[in-house]
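The next block holds one structure in the form of structure tokens; read it before the comments.
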Amino acid sequence: MARHLITSALPYINGIKHLGNMVGSMLPADVYARYLRQRGHEVLYICATDEHGTPAELAAKEQGLPVDAFCAQAHDAQKSVYDGFALAFDYFGRSSSSQNVEITQHFARRLNENGFIEERAIRQVYSPADGRFLPDRYVEGTCPHCGYDKARGDQCENCTRVLDPTDLIDPRSAISGSTDLEVRETKHLFLLQSRLQHEVEEWVARHEEEWPQLAASIARKWLTEGLHDRAITRDLDWGVPVPADTWPDLAAEGKVFYVWFDAPIEYIAATKEWADSAPDGETRDWKSWWYEADDTVRYTEFMAKDNVPFHTVMFPATELGVREPWKMVDYVKAFNWLTYYGGKFSTSQRRGVFTDQALDVLPADYWRYFLIANAPESDDSSFTWEHFTATVNKDLADTLGNFVNRVLSFSRKRFGEEVPAGGEPGEAETRLGSEIAALLAEYESQMEALQFRKAAAALRALWSAGNSYLEEKAPWLEIKTDKDGAALTLRTAMNLIHLYAVVSEPFIPATAAAMRQAFSLSDDTATWVTAEEARALTAVAPGVPFTVPPVLFAKLTDEDLETYKERFGGEPQTA
């Protein structure tokens, strides 16, 4: 089996993320990692908090904390939420780690040795009111391209165009709000991306046909516009320091590397963190996942579309320029935006659902299923409470939950607390087995292709097949004239429940565990279901004790809907 390296775009440290962040990177990566593990692949799923840069300093200042203390607290808070969503990271690191300092500085030295870093004098925004040069994110203003009035000096989050602070119209300090800004000369390090353009183009050309159109089109757009040399250092107190052995003057001035230079390197560094944190007696070889690994590792990245340029153009340019055999991404799974009633999630306007709030409302599996079933893959998608409620009720409560409860409750009532024997399978069971095997193959195909909405539809069809079979056989009527026939129907349906428990685990792990634990199987080591096993449906034999689990999914009421909308906001956006 192949070795699969999986990374999610690093969630930024300043604040708990909303549902759009969850579905745009971490959750689909977790679903894919779980699926691959079940199929027998060796998987390493790595993520981390992105802790450097201006927003971290500003957020720490607002809370009256040293930035390192703020980041430590925020990391733990985010990790707690991700644990609540059952994200099965192999390691969730921190970009402020000593490992990231070491590897980022190594990359910078190698790029410099190879002629791809240059020290340049530039004119930079200075704020007399703040008594300091302002890094790009410390400058806010109006985007010259789309007119968005809260654009940052590095990028407009509205149109995603990369900016320089001096591009902004009516710029102001993000620290003090002062518009009394000057432009003064200072020195910074530049990554000479223009010299790497041709190599990046060749690399993208070898991969873009396999990538989703969204990822490929964004990469190609950047390359068509041309790669520009970009400053990779900033005037901040918090970040990976410029190494004094290579740039003593800049180090003495306290320059640190730009967060977008060191953050992608944290994928590698977090893997080293994982290795360095191994329990006593366990050895973890982090380098085999990243160094000279082209023939042994399949690397998949998950991210929202605003992160695509950095991962398909800028970081590849860095890796190519190092002139060392570091693993580069094979497949970039990019997502569009998840909106809230057609508008942006907003903390200040009390609009939208954030991940910690979601877990306060309902267990993680409700959210995991809904978000993946409606993932913004081909276009932006909109979260509404009406859609969420309808999906939960139809798919989770009625199609899956009600099937499990009906089958187990009726069987216990009429046959006791062991799986009944019944007669031999007949034509209906043969048809069912063939249908289940075909639907399982479709589910596998969509998961292999990383088509999550289609995979969710195939999983839903698997659940629906059980209900159709139950309605066809109607054991509540069958038992009146053919007790063995009813027992066979229920035994077959129980085997479907076990199959659902196994194959639904990537989407709804807690519910899958509850379904599996309903059966007292002493040797239940199944990690997946083969086509032959799907056709036979005999994993749960007659005589196996079972219990009826609590309600798997509660139906949501109109009153629930109104409560959610009142708490989180919910009016559709008007033009």
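Hydrogens, waters and symmetry mates are skipped; everything else that's a heavy atom, side chains included, is used. Computed from a prediction, not measured in an experiment: that's the story for all the values here.
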(request) Answer yes if the ring centres of Trp463 and Tyr369 are under 6.0 angstrom apart, and no otherwise. (result) yes
(message) As an exercise, state the distance from OG1 of Thr300 to NZ of Lys333, rounded to the nearest 0.5 Å.
(response) 11.0 Å
(message) I'd like to know if the side chain of Tyr82 pairs up with that of Thr355 as donor and acceptor (distance under 3.5 Å, no hydrogens or angles considered).
(response) no
(message) Between the side chains of Lys555 and Asp398, is the shortest nitrogen-to-carboxylate-oxygen separation below 4.0 Å, so that they form an ion pair?
(response) yes
(message) Can you classify the ring geometry of Tyr267 versus Tyr299 as parallel (below 30°), tilted (30 to 60°) or perpendicular (above 60°)?
(response) perpendicular
(request) Look at the side chain of Arg412 and the backbone N and O of Phe546, then say whether any donor-acceptor pair between them is shorter than 3.5 Å. (result) no
(message) With a 3.5 Å distance limit and no angle check, can you tell me whether His18 reaches the backbone of Gly20 through a side-chain donor-acceptor pair?
(response) yes
(request) Taking Thr399 for its side chain and Leu396 for its backbone only, find out whether a donor-acceptor pair lies under 3.5 Å. (result) no
(request) Check whether any side-chain N or O of Tyr341 sits under 3.5 Å from a backbone N or O of Trp385 as a donor-acceptor pair, and report yes or no. (result) yes
(message) Tell me which one of Glu42, Glu448, Glu210 satisfies salt bridge (Lys or Arg N to Asp or Glu O under 4.0 Å) with Arg298.
(response) Glu210
(request) Please work out which of the three classes, parallel, tilted or perpendicular, describes the rings of Phe383 and Phe388, given edges at 30° and 60°. (result) tilted
(request) Please check if atom CG in Asp76 has more than 12 non-hydrogen atoms from other residues, nucleotides or ligands closer than 6.0 Å. (result) yes
(message) On the six-membered ring of Phe85, is Lys17 placed so that its NZ or CZ lies under 6.0 angstrom from the centre and within 45° of the ring axis?
(response) no
(message) Between Tyr45 and Trp274 (judged by ring centroids, cut-off 6.0 Å), do the two rings come close enough to count as a pair?
(response) no
(message) Once side-chain hydrogen bond (donor to acceptor under 3.5 Å, both in side chains) is applied, do any residues pair with Lys394, and if so which ones, sequence neighbours excluded?
(response) none
